[in-house]
Amino acid sequence: MICLKNHEFSPKATFECGQCFRWTADDKGYVGIAGGRACRIRDGRLECPEEDNAFWRSYFCLDMDYSAMKAFLLEQDPTLEPCLDYGQGLRILRQDLWETVISFILSANNNIPRIKKMIEGLCKKFGEPIAFEDKILYSFPSTQCIAGLKCSDLAALKLGYRDRYVMDAAVFMASHADSIAWQQLSAEEARQTLMQIKGVGRKVADCILLFALGCYDVFPQDVWIRRIMGQVYQTPERSTQEFAQQKYGYYRGFAQQYLFYYYRNHAGKIQG
DNA sequence: GGCCAGGACCGTG
DNA sequence: CACGGTCATGGC
């Protein structure tokens, strides 16, 4: 059990801001599974086996100082204030690299409800069952498991044209991931490495860098961010990266996520 | 039936 | 380098 009340943490903002796909809300809070471990978030507490405490502390980056990060961003751009307020408690997670690679490969030209369905299907079919409370959850399948499949084994999951990308990613990660010191690479080096995987372009790579590798100095640019930066800041699409770097500085990944969450969920201003 | 979904790929100009 | 067509699938 971990007490979350002394941390800036909103389950809703954190789990529903588009960075993760395996947390589900019920009448008692949220249930999630990551790294082969399940837990429940309820009433400001994280309920889990004692031996999993360190894992979840790392997953939620509970050592990070959010007040310092937000003060930094507000000084960079005071107009971020409504976004930071609306996204109060939104934490950027440190998710598993392999799971994040697959999740965001599946995100391409897709919508969030169906991304979740695809991932759940993948886990139910190829993951390991884990008993939690009164139900059975399924872990995210290993790289070796998926790498050992044929593309046709994924047909029932209806991944569309993305099935071959999943297979390419599995083969790549199974053969290279363990020998790469990801944390030692620069963001650009890690990006170029990830983009060797078919189905991983600039945007998907940047999401992986931000949501799995803790590269807070990347600014994933999707259709929403394109609209937002164009309409709010009148930034030409070509120069958005340079603009974000200059405007927000190191924590531009957080700026991106708060902007995304605010303008995507908070009615008005941006027409989708 | 057309359009859109946290895009990427591939072929042309 | 920039542009546009195409790619499965499902919901509206």
Side-chain angles (χ1 to χ4, degrees), chain A residues 12-23 83 86-87 90-93 95 97 99-122 124-125 150-173 190-213 215-216 218-232 235-242 244 252-266 269-272:
Chain A
K12 181 177 176 57
T14 299
F15 299 140
E16 297 180 13
C17 70
Q19 65 175 324
C20 55
F21 305 97
R22 300 213 64 203
W23 290 87
C83 303
Y86 180 75
L90 191 167
R91 303 187 72 88
I92 290 186
L93 304 169
Q95 302 181 71
L97 176 60
E99 177 174 339
T100 308
V101 167
I102 297 303
S103 297
F104 281 92
I105 281 176
L106 295 178
S107 79
N109 197 18
N110 206 348
N111 56 70
I112 291 178
R114 193 159 80 104
I115 298 168
K116 289 185 179 178
K117 286 181 184 174
M118 287 176 170
I119 294 173
E120 284 315 301
L122 201 57
K124 202 163 213 171
K125 183 156 188 176
K150 294 181 168 188
C151 206
S152 57
D153 295 325
L154 299 175
L157 300 177
K158 301 292 184 184
L159 307 184
Y161 59 88
R162 307 172 188 84
D163 54 5
R164 55 198 174 93
Y165 297 154
V166 169
M167 290 307 303
D168 189 73
V171 171
F172 181 91
M173 295 296 286
R191 176 184 295 125
Q192 292 306 322
T193 303
L194 290 167
M195 287 178 66
Q196 293 175 30
I197 301 169
K198 292 185 183 60
V200 178
R202 170 65 187 260
K203 188 269 174 180
V204 168
D206 282 0
C207 284
I208 298 165
L209 293 174
L210 180 58
F211 302 138
L213 296 177
C215 298
Y216 302 142
V218 302
F219 192 84
Q221 222 179 308
D222 70 336
V223 290
W224 286 93
I225 291 297
R226 245 179 277 284
R227 292 176 197 140
I228 293 166
M229 299 307 279
Q231 294 184 32
V232 177
T235 310
E237 291 188 23
R238 324 292 184 267
S239 55
T240 298
Q241 287 297 324
E242 292 79 359
R252 54 192 176 279
F254 278 93
Q256 182 272 159
Q257 203 56 19
Y258 285 104
L259 286 164
F260 178 86
Y261 185 63
Y262 178 74
Y263 284 105
R264 191 175 180 279
N265 297 85
H266 193 271
K269 292 193 179 181
I270 305 292
Q271 56 258 32

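Sequence lines set the chain letters: A, B, ... in the order given, protein chains first and strands last, and positions in each chain run from 1. From a predicted model like this one, the values you see are computed outputs, not experimental measurements. Computed over heavy atoms, backbone and side chain alike; hydrogens, waters and symmetry mates excluded.
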Separation of atom [atom1] in [X] from atom [atom2] in [N], rounded to whole Å:
{"X": "A:L157", "N": "C:dG10", "atom1": "CG", "atom2": "C1'", "result": "15 Å"}
{"X": "A:L122", "N": "C:dT9", "atom1": "CG", "atom2": "P", "result": "16 Å"}
{"X": "A:Q221", "N": "B:dA8", "atom1": "CD", "atom2": "P", "result": "11 Å"}
{"X": "A:R227", "N": "B:dG7", "atom1": "CZ", "atom2": "C1'", "result": "13 Å"}
{"X": "A:L154", "N": "C:dA8", "atom1": "CG", "atom2": "P", "result": "15 Å"}
{"X": "A:I208", "N": "B:dA8", "atom1": "CD1", "atom2": "C1'", "result": "13 Å"}
{"X": "A:K117", "N": "C:dT9", "atom1": "NZ", "atom2": "C1'", "result": "11 Å"}
{"X": "A:W224", "N": "B:dG7", "atom1": "CH2", "atom2": "C1'", "result": "16 Å"}

Any side-chain heavy atom of A:E120 sitting closer than 4.5 Å to one from A:R22?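 Yes - at least one pair of side-chain heavy atoms lies under 4.5 Å apart.
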
Any A:Q221 side-chain heavy atom under 4.5 Å of A:Q241 side chain: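 They are in side-chain contact.
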
With a 3.5 Å distance limit and no angle check, can you tell me whether A:Q19 reaches the backbone of A:Q95 through a side-chain donor-acceptor pair?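 Side chain of A:Q19 to backbone of A:Q95, a donor-acceptor pair under 3.5 Å: no, none is there.
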
Look only at the side chain of A:R162 and the backbone of A:L159, and say whether a donor-acceptor pair between them is shorter than 3.5 Å.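 Answer holds: yes.
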
Would you tabulate the pairs of protein nitrogen or oxygen atoms and nucleotide nitrogen or oxygen atoms of nucleotides 9-13 of chain B closer than 3.5 angstrom?
{"unit_1": "B:dC9", "atom_1": "OP1", "unit_2": "A:G199", "atom_2": "N", "d": "2.6"}

Among [options], find the nucleotide with the atom closest to the side chain of [X].
{"X": "A:R162", "options": "B:dG6, C:dA8, B:dA8", "value": "C:dA8"}
{"X": "A:P220", "options": "C:dA8, B:dA8, B:dG6", "value": "B:dG6"}
{"X": "A:Y161", "options": "C:dG11, B:dG7, B:dG6", "value": "B:dG7"}

Span that lies between the [atom1] atom of [M] and that of [N], in whole angstrom:
{"N": "B:dG11", "M": "C:dA8", "atom1": "P", "answer": "15 Å"}
{"N": "C:dG11", "M": "B:dA8", "atom1": "P", "answer": "24 Å"}
{"N": "C:dA2", "M": "B:dA5", "atom1": "C1'", "answer": "24 Å"}
{"N": "C:dG4", "M": "B:dG6", "atom1": "P", "answer": "23 Å"}

Remember a base hit wins even if backbone is also touched, and classify A:E237 as base, sugar-phosphate or nothing at under 4.0 Å, heavy atoms.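 Nothing, no heavy atom under 4.0 Å.
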
Indicate, with yes or no, if the rings of A:F21 and A:F104 have centres closer together than 6.0 Å.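 Distance test on ring centres: under 6.0 Å, yes.
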
Salt bridge or not for A:K12 and A:E16, using N-O below 4.0 Å?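 Result for this pair is yes, salt bridge flagged.
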
Any carboxylate oxygen within less than 4.0 angstrom of a Lys/Arg side-chain nitrogen, looking at A:R202 and A:D206?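 A salt bridge is present here (some side-chain N lies under 4.0 Å from a carboxylate O).
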
Strictly below 4.0 Å, heavy-atom distances to any atom of DNA chain C: list the hits from residues 104-115 of chain A, or just say none.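 Heavy-atom cutoff 4.0 Å gives A:N109, A:R114.
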
Among A:D163, A:V166, A:N110, A:L157, find the one that has a side-chain contact (heavy atoms from CB on, under 4.5 Å) with A:M118.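 Among the candidates, only A:N110 passes.
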
Starting at the 5' end of DNA chain C, which residue's closest nucleotide do you reach first, A:L159 or A:R238?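 Its nearest nucleotide lies further toward 5', so the answer is A:R238.
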
What's the verdict on side-chain contact (heavy atoms from CB on, under 4.5 Å) for A:I225 and A:K203, showing C-alpha distance, side-chain angles and the deciding distance? CA-CA 11 Å; A:I225 291 297; A:K203 188 269 174 180; over 6 Å; no

Plane angle bin for A:Y86 and A:H266 - parallel if under 30°, tilted between 30 and 60°, otherwise perpendicular: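 A:H266 vs A:Y86 ring planes: perpendicular.
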
